[in-house]
Amino acid sequence: MERDSKGLGIVIKTDYAKTSDSIISVLTPDKGVLKVYCYGSRKSLKSANAYMYTEANFSLYRKSENAIYSLKDLDVISTHDYIFESLQSIVLCSLLSEVIIKGSDPDARCYELFVDSIDGLEFYNPDLVGSVFILKYLKWAGLSGDWKVCPSCMKAYTNCEILGFSSIDRVAVCSDCDTMNMSYILPVNARLFSARVLELNDKDALKLRISDEQIHRIFRYLLKTLSFVFPTPLKTMESGLFS
């Protein structure tokens with residue numbers, strides 16, 4: 001986006017500025033995360049404003065190369081209001097946003113994954129949405145393998161393989177490469193599910209049939225994995241709101 005430009009984006013964070021303004025973080029397909037100043041957004045209904053998780057075509061302006069963008073106008077695609085009907089969805093979206101902001105520089109694939117995930121919350125179990133997001137994000141960021149081959153020794157997993165974890169490589173591995181005395185394991189069905197998710201596109205992965213009980217266990221495993229492998233602490237993970 002240049003000084004006066006228009007482009008696709010979605011709001012993933014909102015901060016207050018002064019008494020009447022706000023600053024939003026907008027995830028874009030081609031420019032990563034942009035900081036955008038919204039003048040008068042907290043006081044005047046006539047001021048251009050974009051709320052959390054609003055996807056839109058944003059009209060932006062900035063005075064100089066190093067200045068923060070300011071919001072001129074937006075054409076809303078979706079407000080994703082249903083997110084705010086469930087505490088579980090709110091907390092999950094907070095985690096997804098924090099992962100995007102603190103992780104590797106996002107690109108078009110990362111944008112697609114984020115939008116597909118929050119779109120999916122209208123129809124699917126948040127544990128399933130969170131599991132698909134984490135599995136695909138870790139693979140995209142180079143923080144996990146494909147769940148078919150041990151990333152440490154490169155041995156193909158057997159059909160009945162239970163995975164351990166390597167505290168050295170910070171990744172799920174075969175039992176031979178495990179460094180945690182198999183105290184942190186991934187059962188066979190969960191491993192097969194994880195591998196299948198990576199074979200499918202985001203929307204088809206969300207259609208996989210799995211019980212609420214099993215996807216909850218997988219999600220808890222992936223949350224713990226995320227805390228092990230992510231390069232910086234995640235405040236949402238430390239909030240105690242995931243049960």
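The model shown is predicted, which means the values in this text are computed figures rather than measured ones. All residue numbers refer to positions in the sequence shown, counting from 1.
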State, to 0.1 Å, how close Y53 and S97 come at their nearest heavy-atom pair, and which atoms those are.
CE2-OG, 3.5 Å
Do L192 and I134 belong to the same hydrophobic cluster, where Ile, Leu, Val, Met, Phe, Trp and Tyr are linked whenever their side-chain heavy atoms lie under 4.5 Å apart, directly or via other members?
no
Could you tell me which non-hydrogen atom of S166 sits nearest to which non-hydrogen atom of C177, and how far apart they are?
CB-O, 4.0 Å
Tell me the closest heavy-atom pair linking A205 and V132, and the distance in Å.
CB-CG1, 4.0 Å
Test log, rule side chain to side chain contact (heavy atoms under 4.5 Å, CB included), inputs Y51 and T79
CA-CA 8 Å; Y51 300 99; T79 58; over 6 Å; no
Quick one: does I218's side chain get under 4.5 Å of Q214's, heavy atoms only?
yes
Exercise: identify the closest heavy-atom pair between I24 and A50
CG2-O, 3.8 Å
Under the criterion side chain to side chain contact (heavy atoms under 4.5 Å, CB included), I'd like the reasoning laid out for K102 against K235: C-alpha separation, chi angles, the key distance, then a yes or no.
CA-CA 11 Å; K102 292 185 176 180; K235 290 183 179 179; 4.1 Å; yes
Look up atom CG in D146 and atom CG in L198, then write down how far apart they are to the nearest 0.5 Å.
7.5 Å
Evaluate the ring planes of F242 and F219, with Trp represented by its six-membered ring, and classify them as parallel (under 30°), tilted (30 to 60°) or perpendicular (over 60°).
perpendicular
May I ask you to check whether S183 and N181 show a side-chain donor-acceptor distance below 3.5 Å?
no
I210 and L121: same hydrophobic cluster, using ILVMFWY side-chain contacts below 4.5 Å?
yes
To the nearest 0.5 Å, atom CD1 of I83 lies from atom CE of M52 at 8.0 Å
Regarding E55 and S78, do their side chains bring together a donor and an acceptor under 3.5 Å, going by distance alone?
no
What about L222 and V173, same hydrophobic cluster or not, with Ile/Leu/Val/Met/Phe/Trp/Tyr joined at side-chain heavy-atom distances under 4.5 Å?
no
What distance do L163 atom CG and C174 atom SG have between them, rounded to the nearest 0.5 Å?
8.5 Å
Applying the side-chain contact (heavy atoms from CB on, under 4.5 Å) criterion to L206, which one of Y124, F133, F123 satisfies it?
Y124
Heavy atoms from other residues, nucleotides or ligands near CG of D105 exceed 12 (cutoff 6.0 Å):
no
Checking side chain to side chain contact (heavy atoms under 4.5 Å, CB included) for the pair L113/W140: CA distance, chi angles, key distance, verdict?
CA-CA 10 Å; L113 174 59; W140 171 84; 5.8 Å; no
Considering all heavy atoms, the nearest P187-I185 contact
CD-O, 3.9 Å
Taking ring pair (Phe, Tyr, Trp, His ring centres under 6.0 Å) as the criterion, tell me which of F193, Y184, F228 meets it with Y221.
Y184
May I ask you to decide whether D75 forms a salt bridge with K6, counting only side-chain N to carboxylate O separations under 4.0 Å?
yes
Dump the intermediate steps for salt bridge (charged side-chain N to carboxylate O under 4.0 Å, His left out) on R109 and E112, then the final yes or no.
CA-CA 5 Å; R109 174 67 190 102; E112 179 186 33; 3.2 Å; yes
Side-chain contact test, heavy atoms from C-beta onward, threshold under 4.5 Å: evaluate it for I12 versus E98 and give yes or no.
no
Are L27 and P106 packed together at the side-chain level, in the sense that at least one heavy-atom pair is separated by less than 4.5 angstrom?
yes
CD (E238) with more than 12 external heavy atoms under 6.0 Å:
yes
Under 6.0 Å from the NZ atom of K155, do we count more than 12 heavy atoms belonging to anything else shown?
yes
Would you check if there is a donor-acceptor pair between the side chains of D119 and H80 at a distance under 3.5 Å?
yes
Smallest separation among heavy atoms of Y157 and C150, with atom names:
OH-CA, 3.2 Å
Going hydrophobic residue to hydrophobic residue with side-chain gaps under 4.5 angstrom, can you get from L143 over to I101?
yes
Are W147 and V188 grouped together when hydrophobic residues (ILVMFWY) are joined by side-chain heavy atoms under 4.5 angstrom apart?
no
Apply the test side chain to side chain contact (heavy atoms under 4.5 Å, CB included) to residues L71 and L60: give CA-CA distance (whole Å), side-chain angles for both, the deciding distance (0.1 Å), then the verdict.
CA-CA 5 Å; L71 179 63; L60 305 179; 3.8 Å; yes
State, with a plain yes or no, whether a side-chain heavy atom of V129 is found less than 4.5 Å away from one of L92.
yes
So CD1 of I68 and CZ of R62: to nearest 0.5 Å the spacing works out to 10.5 Å
Check: T179/S167 side-chain N/O donor and acceptor closer than 3.5 Å:
yes
Under a 4.5 Å cut-off applied to non-hydrogen side-chain atoms, are L95 and M237 in contact?
yes
Charged N-O contact under 4.0 Å between E161 and K148:
no
Out of curiosity, S175 OG to I162 CD1, how far, rounded to the nearest 0.5 Å?
9.0 Å
For a 4.5 angstrom cut-off between non-hydrogen side-chain atoms, does L226 reach L138?
yes
As a quick check of understanding, evaluate salt bridge (charged side-chain N to carboxylate O under 4.0 Å, His left out) for K136 and D202, giving each step before the final call.
CA-CA 8 Å; K136 287 182 172 285; D202 304 339; 3.7 Å; yes
Quick one: does any side-chain atom of K203 pair with a main-chain N or O of G120 as donor and acceptor, under 3.5 Å?
no
Would you check if V229 and S144 make a side-chain contact, meaning some heavy-atom pair closer than 4.5 Å?
no
Spacing of S131 atom OG and R220 atom CZ [to the nearest 0.5 Å]
11.0 Å
Is the shortest side-chain heavy-atom distance between V26 and Y69 below 4.5 Å?
no
